[in-house]
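First up is the structure itself, then whatever we jot down about it.
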Amino acid sequence: MASWNADTPITYLKGVGPQRAQALAGELGIRTYEDLLNHFPFRYMDRSVLYSAGHVEAGPSEVQVRGVLSQIQTQGGGPKKRLTAQLIGPDGSVELVWFKGIRWVEKSLKPGEDYVAVGRVTDFQGRKNMAHPELETWNSFQQSPVQGLFPVYSTTEKLSSMGLHARGLSKLIQSLFLEWPAQGGDWLPAAIVQQAGWASRNECLRIMHFPSDPNVLAKARQRLAFEEIFLDQLVFAFKRQASLHQQGGLVFQAVGQAFNQFYAEHLPFELTGAQKRVLKEIRKDTASGLHMNRLVQGDVGSGKTMVAFMALLMAIDNGFQGCLMAPTEILAQQHFASLQPWCEALGLRIGLLTGSVKASARKPLLAALKTGELDLLVGTHAILEDPVEFKQLGMAIVDEQHRFGVAQRARLRKKNAISPHILVMTATPIPRTLAMSLYGDLDLSVIDELPPGRQPIQTVHRTDHNRLKVWGFLKEEIAKGRQIYIVYPLIEESQKMDFKDLMDGYESICRDFPRPQYEISIVHGRMKSEDKEWEMGRFSRGETQLMVATTVIEVGVNVPNASVMVIENAERFGLSQLHQLRGRVGRGADQSYCILMTGDKLSDDGKVRIETMCRTNDGFEIADVDLQLRGPGDVMGTRQSGMLDYKVANLGQDQQLIEWARQKAQSTVLDDPRLERPEHAALRMRFTDYARNKMAWGSIA
Ligand code: ADP
Ligand code: MG
């Protein structure tokens, strides 16, 4: 057995001197054998596909081209200096070009030699051209131990100039594997490995770098991806276990008077099957004696507010108070406005607490909360502040979860001696796998059914050329008594250009929709909150027909008579935001429309976003596309403490694997809560190490 291991410094490896070691550490963070092993190829090239210089075509992917090197020369001077050479085949040639590292490259080229060049072929003024190719002599290409799929590694300019371009890195890794044991390295429970039919860990590592064929590669990749996910899911499984043992949850003995009376006398509509199912899940949690931590996902318009209210009634019926927290002032006000009449009918007392509630009103409100005179509190983040004390908080509901962090959930939990039951609701459907990876300590409920009688919103894409027609259409809709939103991007509410766009847009809309025939509201983040509220009020009472606004109306606003959503510069919005905005219409019985206005030119991503919106109304499908386009960190708005920094696993593609890893983690912890069994010895070591690093990360993040 050799004396090195995974932590052996990379300098011990043949071919790595102090200079290369320093560069590897600085550029790619590679310091140890293990770091190098974990620098996986970002893609693979098929070695068996080889073009002759005359036959290759220009194209977007890298190719291998064979030919004889000749006519090496430098051209131009100063910053325009470049090195060119011809790679000549029997039937034509490709020009090779270098703009950087010219001296080093020039020295290494052997004219007259048979070479294989790897790179992207472009068409430059009718000539086939390859910039900064990687070159290998035909002899060495033929003798290479790597056949089949060839690994392509990410590297940097600096490393390339030291011979550590993708091929150089591959050579290093090859020499590492000469020393690395072919088998072993396993820490996953053998039963899981057997069930999946995976090769040993070390073999999988080798296959990742030097796969013989795509199927073998896929299987090896699967094991390494599973391992990454499994460790995170174990963290969740232990967290859940700990919270079960630490403290029991508040027990809601019975569904009581308020709930039953509301259900029998005041419910304005029949609940959907999905609403009933989720309420049953909540009822079961709150009666169980365990602490509820549940995430309810439901698309815009699926009726989460009613579920929230009825869950709050369960708390009140058992002598507790409840609170409902929303991310914006407008939304909190709207929730308050929906809940207040129901509360009145039931003789319950409800309060509203936001940042703009004045001290004079706040004082009696907080007092009533503390004595328990108040049954329900609706509000914004203001609810989290320390002076806000409940007598007995039993149920805390957070609407639009993605705007709140884990830390805020923890603060809510501390609002009562025994943690209140926590329900988080999100209208941006998160793909199930992402939810499980981010909120693995939450149980999931899904409202996957819209109230009956809704017609799907029709979504179309229009450009400025169509503006006259679009305006004509809006006038027709207004003539039918409908109302219209026109939304401008103003992501950072301080951006001057955006603000000017909004104001210019508003002015031209005022010209095209003149008074007194048309009344127009405008709402944006620079307005005082009472002015915003006043304008929103006019629009929701139907006194104005058009609402020109920024994304402040994105979340939750409910005006059922509004039937058209026009989104200006739609290409500048993210998918989930577009979907949220669209959800502002289609709330009544009328056919509703969403019109996405864009310029003529769209980026590739922009095109996909617009096409996706026009194709589907399904929030979960949209969330999946969003995840593919942007990656999990951006979909969630923040990078969550290294949680989703997977090297191999891909949350968009590995959905089944995530489900499986979650099940296995749960059953492992259930079976052997302290990982004491001999068959878990290696797992215990690996997990301890992982959890320690993770906690350290969490406390500084
Ligand atoms: P969201 O899930 O987006 O928060 P809301 O709770 O605002 O949705 O509900 C959207 C609209 O649907 C509201 O006008 C609400 O009154 C109505 N609604 C909710 N549940 C039902 C139902 N079961 N039947 C009919 N209408 C419903
Ligand atoms: Mg809502």
Side-chain angles (χ1 to χ4, degrees), residues 15 19-20 23 27 41-174 210:
Q19 261 190 342
R20 278 185 162 188
E27 301 282 296
F42 70 92
R43 60 182 200 84
Y44 302 84
M45 188 156 51
D46 192 341
R47 288 284 273 189
S48 62
V49 180
L50 186 66
Y51 292 91
S52 92
H55 275 119
V56 69
E57 302 281 339
S61 39
E62 289 196 343
V63 288
Q64 308 182 109
V65 186
R66 183 182 169 187
V68 175
L69 198 70
S70 71
Q71 299 172 40
I72 301 167
Q73 48 186 287
T74 51
Q75 299 175 0
K80 289 203 169 154
K81 187 171 170 184
R82 61 187 195 275
L83 177 71
T84 60
Q86 302 298 320
L87 194 68
I88 301 182
D91 38 18
S93 67
V94 172
E95 183 175 74
L96 310 179
V97 197
W98 291 264
F99 305 97
K100 293 201 171 120
I102 290 178
R103 259 204 307 181
W104 187 83
V105 176
E106 199 173 7
K107 262 195 295 189
S108 67
L109 295 179
K110 297 179 199 137
E113 182 100 29
D114 201 353
Y115 273 101
V116 174
V118 182
R120 206 168 286 131
V121 176
T122 53
D123 193 14
F124 182 70
Q125 297 174 345
R127 286 191 316 244
K128 280 179 288 187
N129 177 295
M130 192 187 277
H132 286 261
E134 281 180 21
L135 287 174
E136 188 176 6
T137 61
W138 173 242
N139 268 341
S140 132
F141 180 85
Q142 275 183 306
Q143 284 159 18
S144 164
V146 182
Q147 295 302 333
L149 298 176
F150 194 83
V152 183
Y153 297 94
S154 61
T155 178
T156 66
E157 218 164 83
K158 181 164 176 198
L159 286 168
S160 298
S161 76
M162 306 172 95
L164 293 179
H165 37 61
R167 286 193 176 212
L169 278 173
S170 156
K171 288 222 173 84
L172 268 196
I173 293 170
Q174 274 174 50
F210 306 110

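The backbone N or O of H55 sits nowhere less than 3.5 Å from a side-chain atom of K128 that would complete a donor-acceptor pair. Side-chain atoms of T155 come within 3.5 Å of backbone atoms of L164 as a donor-acceptor pair (strictly under, hydrogens ignored). No donor-acceptor pair under 3.5 Å is formed between the side chain of E113 and the backbone N or O of L69. With hydrogens and angles disregarded, no donor-acceptor distance shorter than 3.5 Å links the side chain of Y153 to the backbone of G168. Although no hydrogens or angles enter the test, the distance criterion places a donor-acceptor pair under 3.5 Å between the side chain of R20 and the main chain of M162.
Here the closest non-hydrogen pair linking K110 and Y115 is N-OH, 3.1 Å. Pairing each heavy atom of S170 with each of F150, the nearest pair is OG-CZ, 4.0 Å. Residues P133 and V97 approach most closely at CD-O, 4.1 Å, considering heavy atoms. What you find for D91 and S52 is that their closest heavy atoms are OD1-OG, 3.3 Å. Pairing each heavy atom of Q64 with each of V118, the nearest pair is CG-CG2, 4.2 Å. Scanning all heavy atoms of the two residues, the minimum distance from I72 to A85 falls at CG1-CB, 4.0 Å.
Side-chain contact between L83 and L109 is present, with heavy atoms from C-beta onward closer than 4.5 Å. Using a 4.5 Å cut-off on side-chain heavy atoms (C-beta onward), H165 and H132 make no contact.
In this structure A53 satisfies the side-chain contact (heavy atoms from CB on, under 4.5 Å) test together with V65, V94, sequence neighbours excluded. Among residues two or more places apart in sequence or in another chain, the side chain to side chain donor-acceptor pair (under 3.5 Å) test is passed with N139 by none. For W138, the ring pair (Phe, Tyr, Trp, His ring centres under 6.0 Å) partners at least two apart in sequence or on another chain are F141.
A distance of 5.5 Å separates OG of S140 from NZ of K171, quoted to the nearest 0.5 Å. One distance of note links CG of D114 with OG1 of T137; it measures 8.5 Å at 0.5 Å rounding. Here the OG1 atom belonging to T122 is positioned 9.5 Å from the CD atom belonging to E95, to the nearest 0.5 angstrom. Atom CG of L159 sits about 5.0 Å away from atom CD of E27, to the nearest 0.5 Å. For the atom pair OG (S160) and CD (E134), the distance works out to 7.0 Å, reported to the nearest 0.5 Å. Rounding to the nearest 0.5 Å places OG1 of T84 at 8.5 Å from CH2 of W98.
Environment of CD in E57: sparse, with no more than 12 heavy atoms of neighbouring residues, nucleotides or ligands closer than 6.0 Å. The local environment of OH in Y51 is sparse, with at most 12 non-hydrogen atoms from other residues, nucleotides or ligands closer than 6.0 Å. Around CD of Q19, the count of heavy atoms belonging to other residues, nucleotides or ligands within 6.0 Å does not exceed 12.
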